[in-house]
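Quick notes on the structure that follows.
Counting starts at 1 for both ligands and their atoms, in listed order. Here the structure is a predicted model, which means the values were calculated and not measured.
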Amino acid sequence: MDKIIINGGRRLEGEVFVSGSKNAALPILISSLLTSEPCIYQQVPNLLDVHTTLKLLAGLGVAVDRQPWLTGSGDLMLRAERVENFEASYDLVKTMRASFLVLGPLLARFGHARVSTPGGCAIGTRPVNLHLKGLAEMGASILQVHGYIEAKAERLRGARIYLDLPSVGATENLMMAATLAEGTTIIENAAKEPEIEDLARVLNTMGGKIAGAGSDIMRVDGVSSLRGVTHRVIPDRIEAASFIIAGALMGGEVVVKNARPEHLDAFLIKLKEAGVSIAPDEGAIRVTGNGRIKSVDVTTLPYPGFPTDLQAQMMVLMAVADGVSVITETIFENRFMHAQELDRMGADIRLEGNRAVVRGVKELSGAPVMATDLRASVSLILAGLVANGKTEVSRVYHLDRGYEHIEKKLMALGAAIERVQG
Ligand code: EPU
């Protein structure tokens, strides 16, 4: 297994380009199942989770042309003309939970699907009850047999669906299903993340009729078929923010290009409160590491609140800030596993249920640490950059799920970082 080795303390300086968003790309690639026509996607990041999605789609019978993508144009073409398998296996769904999103599109277009339930996850229980409740309300018959969801519906019909929580995945599954349903679907308490809006843009370009994406109430008027699309995936706001934290910790001046400040409001406000100097530029965010950082309290919330996917990275910033910060995680029950690893590097973090009390220390010290999930792994890289001496991060396959060439990008900014093949 590969490891990443960092010699901390190097100042970062220069420009870094943000890749396409993982969490926008995954549902968008899956939405190709809704049409028999070719779909071209641009700025799709070359990541493990994208490879898993392509494997899943190819297994269903989707023609995948990744040649232009691999040779650098960034375009990927998918065509779901001859779908002949309607099952997503446990092996794939347990590797990547987003695989569960094939359920809505398969059911809507072909009338049946068999998809493994995802099971537990390192960061929380993450049930799929809201996806299933919504599809049942649209008329699907749903059975759970031997760990699989077996769903059928001659044609889904529009329904009024209230989500108990604004779940990103449930909103995506249901909005995809509703595009081909008969009649109108209203999703109340829908998730409002920028990735939802990007998926809605794709579906509307395909001929779908979605209004209100990005607000609490989404209306989907069903149509009888959808056509192909060419779409450029939005930049990854979580990757952008991870580089902004790297700049805050170690800049110099770091210019994060291809970033959308409007997707990062809550995060940028918190960083300014912490005394970090940030200047949104057209299509870029400039961050200047100008000395000490002040502690701020942070509570993760659904968008537009502070993203849970930035909680681990923010904890590193707070670990070396002046004062005491309380970080409250409200989205997932078990998303503090990085805290113990940061403690090994000299951080002072006390966990109290869903709160982490982080007392800033003068300095972290490099150590061998273990990544436990995607965002935890990037937080350990950030900690390695600021720590004194050598940090060795193992289990970096978690990192490869969601960060494209991160060590190369950090190296280009001046970090002493390398990947060692194990
Ligand atoms: N939930 C339920 N029932 C459901 C669905 C969700 O109780 O049917 C709960 C979950 O257990 C969780 C909360 O609702 O406690 C939020 O889950 P949500 O469905 O919103 O998350 P997701 O769709 O499974 C996506 C991202 C995550 C990100 C969350 C929250 C993708 C592929 N994944 O997951 O990204 O943390 O939204 O913003 O879009 C990551 O990239 O590292 C990552 C984990």
Are any of the N/O atoms on [X], whether in the backbone or the side chain, positioned under 3.5 angstrom from an N/O atom of ligand 1?
| X | result |
| --- | --- |
| G169 | yes |
| N129 | yes |
| T308 | no |
| R335 | yes |
| F332 | no |
| P127 | yes |

Region of K22 that comes within reach of ligand 1 [heavy atoms, distance under 4.0 Å]: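 Contact part for K22 vs ligand 1: side chain (C-beta onward).
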With the threshold set at under 4.0 angstrom, would you say T125 reaches ligand 1 through any of its heavy atoms?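 No, T125 has no heavy atom closer than 4.0 Å to ligand 1.
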Does M96 come within less than 4.0 angstrom of ligand 1, counting non-hydrogen atoms of the residue?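 M96: no contact with ligand 1 (<4.0 Å).
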[X]: numbered ligand 1 atoms lying under 4.0 Å from its heavy atoms:
| X | result |
| --- | --- |
| R375 | 40 (C), 41 (O), 42 (O) |
| H131 | 8 (O) |
| I331 | 12 (C), 13 (C), 15 (O), 16 (C) |

Just to be sure I'm reading this right: ignoring hydrogens, which of R126, R401, R97 gets closest to atom 22 (P) of ligand 1? Compare them by their nearest heavy atoms.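 Among R126, R401, R97, the closest heavy atom to atom 22 (P) of ligand 1 belongs to R126.
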Which residue and heavy atom of the protein sit nearest atom 14 (O) of ligand 1, plus the separation: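 Here the nearest protein heavy atom works out to L165 CD1, 3.3 Å.
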Any luck finding a side-chain donor-acceptor pair between T230 and Q42 under 3.5 Å?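 No.
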